[in-house]
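Here's the structure we're looking at; comments come further down.
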There are 2 protein chains.
Amino acid sequence: MKSLADYEQKFDRLHEDCPVRAALDVIRGRWKPSILYELKDGPRRFSQLQAALAGITAQALTVQLRQLEADGVVVRTVHPEETPFRVEYALSEAGKTLSGVLDQLETWGVGYLARRGTRRTRVA
Amino acid sequence: MKSLADYEQKFDRLHEDCPVRAALDVIRGRWKPSILYELKDGPRRFSQLQAALAGITAQALTVQLRQLEADGVVVRTVHPEETPFRVEYALSEAGKTLSGVLDQLETWGVGYLARRGTRRTRVA
DNA sequence: CGGCATCCGGGGTGATACTG
DNA sequence: CAGTATCACCCCGGATGCCG
């Protein structure tokens with residue numbers, strides 16, 4: 001496996017350590033919110049995640065998981081004694097606290113979509 | 001002025017109306033959290049924002065503000081009677097509720113940076 | 001003072017094919 | 001089953017110069 005450092009995101013992490021941007025940088029990513037959501041109720045295998053996230057490729061899933069791991073919100077565990085071997089992903093302690101933040105975002109998003117919902121459906 | 005629709009962001013807004021992604025899409029942007037923060041305490045002029053956000057160009061500020069306006073979280077008001085005329089930006093009702101979400105992100109980010117802080121300074 | 005047009009680079013992400 | 005390597009596209013955002 002490649003070094004975790006290879007998966008560290010490149011966009012300027014020099015944002016003067018602004019906490020808001022730091023948080024957003026962790027969540028940022030096409031599939032990360034969904035992944036975090038899937039892991040909320042306990043560890044999941046790579047294949048389980050891939051099945052749950054309709055449309056994601058193995059490559060994409062790997063990258064997103066590695067970035068989450070590099071950011072310390074996801075923990076990766078390999079069970080080599082089994083064949084075929086099993087790889088499980090779980091939320092770290094920091095990851096679990098992140099779920100609360102995502103809930104806040106969801107709550108706001110629900111209200112936001114409700115307010116604009118009628119407009120949106122009219123468009124397409 | 002261009003139509004607000006021209007500033008609607010293009011990334012697939014079709015994400016099945018996931019509230020979390022909807023919320024993140026609104027916040028997403030290099031300067032948007034900072035802009036929202038600056039507007040938290042009341043309306044600000046274009047030039048005030050530009051001065052507060054060290055390093056931003058007028059063009060970048062314009063685009064970010066227009067996107068926030070298109071998303072309904074910022075309201076733009078022109079005062080043409082004055083010369084030089086004045087343009088003010090303020091949070092909409094939806095924008096004000098967004099501030100709470102940003103506070104959550106900040107709180108989490110503070111703890112996150114504190115946990116990793118020591119590691120980070122060692123790096124560079 | 002505020003805004004727009006244009007060029008341009010880089011990162012994020014998908015598609016595909018291959019490995020232990 | 002899980003992961004890697006490579007290619008390619010596209011959007012975001014910075015820089016510059018001009019306009020009312």
Side-chain angles (χ1 to χ4, degrees), chain A residues 1-4 6-15 21 24-35 43-51 53-71 74 76-89, chain B residues 1-4 6-15 21 24-35 43-51 53-71 74 76-89:
Chain A
M1 197 184 97
K2 286 174 63 176
S3 159
L4 264 195
D6 296 336
Y7 288 99
E8 278 172 10
Q9 296 174 290
K10 308 274 178 10
F11 43 76
D12 58 340
R13 292 246 172 189
L14 310 173
H15 40 59
R21 285 208 60 189
L24 287 174
D25 285 348
V26 173
I27 305 177
R28 180 188 211 160
R30 173 70 180 79
W31 303 95
K32 287 180 188 172
S34 307
I35 292 174
R44 294 286 183 274
R45 314 184 43 164
F46 187 89
S47 45
Q48 287 180 309
L49 289 173
Q50 189 170 11
L53 278 44
I56 196 175
T57 62
Q59 158 75 342
L61 182 54
T62 300
V63 172
Q64 304 279 306
L65 283 171
R66 284 303 196 295
Q67 290 178 348
L68 289 171
E69 193 188 355
D71 284 337
V74 158
R76 179 175 177 271
T77 314
V78 190
H79 302 268
E81 70 281 2
E82 313 177 15
T83 45
F85 66 100
R86 183 163 52 99
V87 180
E88 274 194 346
Y89 294 88
Chain B
M1 199 183 97
K2 287 174 61 177
S3 158
L4 265 196
D6 296 337
Y7 288 98
E8 279 172 11
Q9 296 175 292
K10 307 274 177 13
F11 44 76
D12 58 339
R13 292 246 173 192
L14 311 173
H15 42 59
R21 285 208 61 187
L24 288 174
D25 285 348
V26 174
I27 304 176
R28 180 187 210 160
R30 173 73 180 77
W31 303 94
K32 287 180 189 172
S34 306
I35 292 173
R44 293 286 182 274
R45 313 183 44 164
F46 186 90
S47 44
Q48 287 180 308
L49 289 173
Q50 190 171 10
L53 278 43
I56 196 175
T57 62
Q59 160 72 344
L61 181 55
T62 299
V63 173
Q64 305 279 308
L65 283 171
R66 286 300 195 294
Q67 291 177 349
L68 289 171
E69 193 187 356
D71 284 336
V74 159
R76 178 175 177 271
T77 313
V78 190
H79 302 268
E81 68 281 5
E82 314 176 13
T83 45
F85 66 100
R86 183 163 51 100
V87 180
E88 274 193 345
Y89 294 87

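Naming convention: chains lettered A, B, ... in sequence-line order (proteins, then strands); numbering from 1 in each chain.
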- Query: Can you list the steps and then say if A/Y89 with A/I35 is a side-chain contact (heavy atoms from CB on, under 4.5 Å)?
  - Reply: CA-CA 10 Å; A/Y89 294 88; A/I35 292 174; over 6 Å; no
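- At least one side-chain heavy atom of A/Q67 sits less than 4.5 Å from a side-chain heavy atom of A/K32.
- The shortest distance between the side-chain N/O atoms of A/R45 and the OP1/OP2 oxygens of D/dA2 is below 4.0 Å.
- With rounding to the nearest 0.5 angstrom, the CZ atom of B/R28 is 7.5 Å from the CZ atom of A/R28.
- Closest approach to the A/A60 side chain among D/dG14, C/dG14, D/dC1 is made by C/dG14 (side chain taken as heavy atoms from C-beta onward).
- Distances shown here put every side-chain N or O of B/Y7 at or beyond 4.0 Å from the OP1 or OP2 atom of D/dC12.
- Neither OP1 nor OP2 of D/dA2 sits under 4.0 Å from any side-chain N or O of A/R76.
- Comparing C/dG14, D/dC12, D/dT4 by their closest approach to the side chain of B/Q9 singles out D/dC12.
- Proximity note for B/T62 (side chain, C-beta onward) versus D/dG3, D/dA2, C/dC4: the nearest is C/dC4.
- With contacts defined as side-chain heavy-atom distances shorter than 4.5 Å, the pair A/L4/A/E69 qualifies.
- Put simply, B/W31 has no side-chain N or O that comes within less than 4.0 Å of OP1 or OP2 on D/dC12.
- Rounded to an integer number of Å, the gap from CG of B/L68 to P of D/dG13 is 11 Å.
- Following rounding to the nearest Å, B/F46 (CZ) and C/dC4 (P) show an atom-to-atom distance of 9 Å.
- Between B/L65 and A/Q59, the residue anchored nearer the 5' end of DNA chain C, judged by the nucleotide with its closest heavy atom, is B/L65.
- Counting only heavy atoms from C-beta on, A/V87 has its side chain closest to D/dA2 among C/dC1, D/dA2, D/dG13.
- In this model, the phosphate group of C/dC4 is approached by a side-chain N or O of B/R66 to a distance below 4.0 Å at OP1 or OP2.
- Map A/V63 and A/F85 each onto its nearest nucleotide of DNA chain C; the residue landing nearer the 5' end is A/V63.
- B/W31 pairs in a side-chain contact (heavy atoms from CB on, under 4.5 Å) with only one of the listed residues (B/L68, B/L61, B/L49, B/L53), which is B/L53.
- Contact check, B/R30 against D/dG14: a side-chain N or O comes under 4.0 Å of OP1 or OP2.
- Considering only the side chain of B/T57, D/dA15 comes nearest among D/dA2, D/dG13, D/dA15.
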